[in-house]
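Accompanying notes for the structure given below.
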2 protein chains.
Amino acid sequence: MNEAASARSEVPSPRSEAKAVRRQALLDAAAGLFAAQGFSGVSLDDIGAAAGVSGPAIYRHFAGKQAVLGALLVGVSSELLEGGRAAAAGAHPSGAGPDGLADDGAALRALVAFHVDFALSKPDVIRVQDRDFSSLAAEDQAEVRSLQLEYVDVWARTLSRLHPEASAAELRLRAQAVFGLINSTPHSVRRTTRRTAGKLLESMALAALTAPAPS
Amino acid sequence: MNEAASARSEVPSPRSEAKAVRRQALLDAAAGLFAAQGFSGVSLDDIGAAAGVSGPAIYRHFAGKQAVLGALLVGVSSELLEGGRAAAAGAHPSGAGPDGLADDGAALRALVAFHVDFALSKPDVIRVQDRDFSSLAAEDQAEVRSLQLEYVDVWARTLSRLHPEASAAELRLRAQAVFGLINSTPHSVRRTTRRTAGKLLESMALAALTAPAPS
DNA sequence: GCATTCGGTTAATGACGACTAACTGAAGGC
DNA sequence: GCCTTCAGTTAGTCGTCATTAACCGAATGC
């Protein structure tokens, strides 16, 4: 560990921030390839080639193929959780006086808008996340699972303000189903229709989240 | 081609209907394994072992690994299309007099119920279908794609009776999104809660399908 | 009964692909 | 200016498969 990259992330970067760039290029390449052909359908040579370097150069950035997938999925899970927390919090600034229902609805809308936007802008990673989870190393699996559970819980807590009578299990199921709804389409949406598709998905997601519980 | 298994499927079966049983066992085993680990994460030995025979015995039933996947996915796509047509037709018996809205609503509810039931009873195949499509041989890909498109169209036509003003593209997107909603949860639903989860998914799906179109 | 068919089995064979080894050349620090 | 570090490179190595070959033994048809 050299002094530049030591504990404190002070010194912006010498010239080997080129490394960070390369690393990101590898992650992007991997995301696209994994999304298209699945983790075990992609070779390290494929990833390297797509990033402009070839083959085992990847070992200068990651411990191995699984580690690339790990970085990808831990990254996306963290981003989702962080963004979800921000969206939920931003819409009802903690204890906003009289427990306003309006605020709660706003929080849910913000969550939905955030997730739709995320899914439409990073369809590859979204796809990989629920497709190649089982190819992760055990530890990464545990970490990703826990981040995902926490994200689901952000949704469930927000929902519980609108459906105080519903069980936690039902709210989590609703959240998961809506993730499926939102995540299932990005592949087939043309870039030009992103905005309109996004609005439609938001409307459908909110309708599903607030649909009456069956008897 | 012996006389028993010739063009006309008359003679029920000699004693080598054991073959049909074995073939189905192989397909079931493959479905489970593919769902859990992805097409290229599973070896022929794995599939054979799971079906009680080991290794290259599979070549007595299928041309190769890809052919197993092909049989699986063409089968599920056909079942979905057939079942969807039946559900849509059963609910409004062709030209049922005065173009009743009630009938159209019933057709949609029947479609939703059919798909929910299918997804909950065969979660493995559902998972494989949208996960390993890209591992199919080109011809199988074409066939599956066309069956899927036709299935989406059954939904879109049914929806168009309720939303005559909506574009075909919007209706197809709605259908796809709802497939995502329904298909995303079977993995995580305990067998004991199938029925209640199914009811909830139906309610959410219908709400999403009839959600107002955004301005 | 007897020859054939056929579902299975266990050894090759041949690719392919993750990972390692040995080497190179350009920074960077001093 | 010299020594070290380090991102890359190319050539193995070793396992893991899909697929094929060579054999079996029980049904089946005649």
Side-chain angles (χ1 to χ4, degrees), chain A residues 1-6 10-27 29-30 33-34 36-72 132 135-137 140, chain B residues 1-6 10-27 29-30 33-34 36-72 132 135-137 140:
Chain A
M1 202 177 283
N2 66 45
E3 54 180 288
S6 71
E10 295 183 27
V11 199
S13 50
R15 203 175 275 182
S16 34
E17 66 155 356
K19 181 162 188 179
V21 171
R22 193 42 68 77
R23 181 190 154 97
Q24 192 55 47
L26 286 169
L27 285 174
L33 289 168
F34 290 163
Q37 317 177 50
F39 177 73
S40 35
V42 174
S43 76
L44 282 176
D45 282 358
D46 291 340
I47 300 173
V53 330
S54 250
I58 294 171
Y59 287 91
R60 297 294 171 194
H61 300 271
F62 301 94
K65 196 185 171 190
Q66 255 189 341
V68 177
L69 183 65
L72 218 44
D132 292 313
S135 299
L136 282 172
D140 289 338
Chain B
M1 201 173 286
N2 66 44
E3 53 180 288
S6 70
E10 294 182 30
V11 200
S13 48
R15 204 174 275 181
S16 35
E17 64 156 359
K19 181 161 188 180
V21 171
R22 193 43 67 76
R23 181 190 155 97
Q24 192 55 47
L26 285 168
L27 285 174
L33 289 167
F34 290 163
Q37 317 176 45
F39 177 73
S40 34
V42 174
S43 76
L44 283 177
D45 283 357
D46 292 338
I47 300 174
V53 328
S54 248
I58 294 172
Y59 287 91
R60 297 295 173 194
H61 300 270
F62 301 94
K65 195 185 172 190
Q66 253 189 342
V68 177
L69 183 66
L72 218 47
D132 291 313
S135 298
L136 282 172
D140 289 338

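Letters A, B, ... are given to chains in the order of the sequence lines, protein chains preceding strands, and every chain is numbered from 1.
Taking atom CG of B:Asp45 as the reference point, atom C1' of D:dA18 lies 9 Å away to the nearest angstrom. One can place NZ of A:Lys65 at 15 Å from P of C:dT20, the figure rounded to the nearest angstrom. Atom CD in A:Glu17 sits roughly 16 Å away from atom C1' in C:dG28 (whole-Å rounding). For the pair B:Ile58 CD1 and C:dG7 P, the computed distance is 14 Å after rounding to whole Å. In this entry the distance linking CZ of B:Phe62 with C1' of D:dA18 reads 16 Å, nearest Å. Between the C1' atom of C:dT9 and the CG atom of B:Leu44 lies a distance of 15 Å, rounded to the nearest Å.
Residue A:Arg60 has no polar side-chain atom (N or O) positioned under 4.0 Å from OP1 or OP2 of D:dT9. Applying the 4.0 Å criterion to OP1 and OP2 of C:dG8, one finds that B:His61 has a side-chain N or O inside that range. Residue B:Tyr59 has a polar side-chain atom (N or O) positioned under 4.0 Å from OP1 or OP2 of D:dT19. When the side-chain nitrogen and oxygen atoms of B:Arg23 are compared with OP1 and OP2 of C:dG7, none of them lie within a distance under 4.0 Å.
Closest to the side chain of B:Pro56, out of C:dT10, C:dC19, C:dG17, is C:dT10. For B:Lys19, counting side-chain heavy atoms from C-beta on, the closest listed nucleotide (C:dG7, D:dC17, C:dG17) is C:dG7.
Atom-to-atom distance recorded for A:Asp132:CG and A:Leu69:CG is 6.0 Å, nearest 0.5 angstrom.
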Pairs under 3.5 Å (N/O, protein and nucleotides 13-16 of chain D):
none

- Message: Applying side-chain contact (heavy atoms from CB on, under 4.5 Å) to A:Leu44 and A:Phe62, what does each step give before you reach the verdict?
- Response: CA-CA 11 Å; A:Leu44 282 176; A:Phe62 301 94; over 6 Å; no
- Task: Could you walk me through whether B:Leu26 and B:Val68 pass the side-chain contact (heavy atoms from CB on, under 4.5 Å) test, one step at a time?
- Result: CA-CA 8 Å; B:Leu26 285 168; B:Val68 177; over 6 Å; no
- Task: Could you walk me through whether A:Phe39 and A:Leu136 pass the side-chain contact (heavy atoms from CB on, under 4.5 Å) test, one step at a time?
- Result: CA-CA 9 Å; A:Phe39 177 73; A:Leu136 282 172; over 6 Å; no
